[in-house]
Amino acid sequence: MTGMNGEDLELIQELLNEINILRKEKKAVIVSHTYQRGEVQDISDLVGDSLELSRYCASSDAEVIVFCGVHFMAESAKILSPGKTVLLPERDAGCPLADMITAEDLRELKDRHKDAAVVCYINSSAEVKAESDICCTSSNAVNVVKSLKQKDVIFVPDKNLGSYVAKSVPGKNIILWEGFCPTHYRARLEDLIKAKELHPDALVLVHPECRPEIVEKADFVGSTKAIINYASKSSHDKFIIGTEMGVLHSLTKNNPGKKFYLLSQGFVCPNMKKTTLKSVVNSLKEMKYRIELPEEIRTKALRALQRMLEVT
Ligand code: CIZ
């Protein structure tokens, strides 16, 4: 929020005051994904990855959850907290990766590989989760696949995370889906080479949703949480970060002595940036947009999530 004048700051203060009144009035918790805008992260009760946030919401006694993230994340919160009101402040904050496979696509794939176990990345719809044996996140995908007794494993929807898992668990036959995160996919090897030229003594930390040629060259590969933990604990002081720019907010705030450089200027997810302080105010005021799921889908999706939690 640099380059702001007095009027802007006054407006922000008004929004913050409104949020603080409304969150008490509605007995709400506000949670934010690490890819959200900095100012949205700053008003949240917890900032984290999608699973961590959903589990926090389930354990909280709040009646209302304002989930600042994208649609599948708020859905995961609803799967784990059916009795709570889960609100997504921006209705159109979707995830193009999650939208790259439908439940019907997955049923057809299962028909073609009848003996395969089905693993779905958490970046998927509740319907796709309901068709899967087990979910995974980017931090536990390798362990989830290792835990399966089947040799053949359908892995949806992210082909980059799936390839990373296939390399890490060579004994399995991983059947990939052609999905990808457009934001991570935008970063190319040339961007990494350029960033390394500019910052030769920086460590490269990347998310497994990046292209395999980037993942291969990284010093560390992990989820958003793993990247944040690694950089915070490391004795190193310079890092090239290969994931959505939102993580820089907490990295720079909590590690004042360290320097962080974005691997590519393309690491901006437009869906994650849809939610603003104004959207949070409107969400709380009008109790929108409510996430609802058919109970049959929810319970099946819950089974896949619970199986994952048993493994990790
Ligand atoms: O599960 C999440 O929150 C996502 C989408 C990424 C990550 O690595 O945390």
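In this text, all values refer to a predicted model and were calculated from it rather than measured experimentally. Counting starts at 1 for both ligands and their atoms, following the listed order.
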Tell me, which pairs form a side-chain hydrogen bond (donor to acceptor under 3.5 Å, both in side chains) where one or both residues lie in residues 49-61, sequence neighbours left out? E52-K225
Can you tell me if T243 and H184 form a side-chain donor-acceptor pair at under 3.5 Å? yes
Provide the number and element of each atom of ligand 1 under 4.0 Å from a heavy atom of S138. 7 (C), 8 (O)
Hey, are T183 and E244 close enough side-chain-wise for a donor-acceptor pair under 3.5 Å? no
Using a 4.0 Å heavy-atom cut-off, say whether T137 meets ligand 1 through its side chain, its backbone, both or neither. neither
Show the numbers, then the answer: is there a salt bridge (charged side-chain N to carboxylate O under 4.0 Å, His left out) between R298 and E295? CA-CA 5 Å; R298 191 194 69 80; E295 189 54 14; 2.9 Å; yes
Atom 7 (C) of ligand 1 [closest protein heavy-atom partner, distance rounded to 0.1 Å]: T224 OG1, 3.3 Å
Show which atoms of ligand 1 fall inside a sub-4.0 Å distance from at least one heavy-atom site of S50. 1 (O), 2 (C), 3 (O)
Should L161 and V145 be counted in the same cluster of Ile, Leu, Val, Met, Phe, Trp and Tyr side chains packed under 4.5 Å apart? yes
Taking only heavy atoms of H33 into account, list the atoms of ligand 1 that are under 4.0 Å away from them. 2 (C), 3 (O), 4 (C)
Is there a donor-acceptor contact under 3.5 Å linking the side chains of E209 and Y121? yes
Tell me, with the steps shown, if E18 and K285 meet salt bridge (charged side-chain N to carboxylate O under 4.0 Å, His left out). CA-CA 9 Å; E18 266 190 283; K285 250 190 202 160; 3.0 Å; yes
Quick one: pull up CD in Q150 and CG in L148 and give me the separation to the nearest 0.5 Å. 6.0 Å
Proximal candidate to atom 6 (C) of ligand 1 [heavy atom criterion; set M272, E244, H207]: H207
Taking heavy atoms and a distance under 4.0 Å, where does K225 meet ligand 1: side chain, backbone, both or neither? neither
Ligand-side contact atoms (ligand 1) for residue partner S223, heavy atom cut-off under 4.0 Å: 8 (O)
Distance under 4.0 Å to a non-hydrogen atom of I122: what atoms of ligand 1 satisfy this? 1 (O)
Does ligand 1 have a heavy atom under 4.0 Å from the side chain of T243, from its backbone, from both, or from neither? neither
Hey, which atoms in ligand 1 end up nearer than 4.0 Å to a heavy atom of N123? 5 (C)
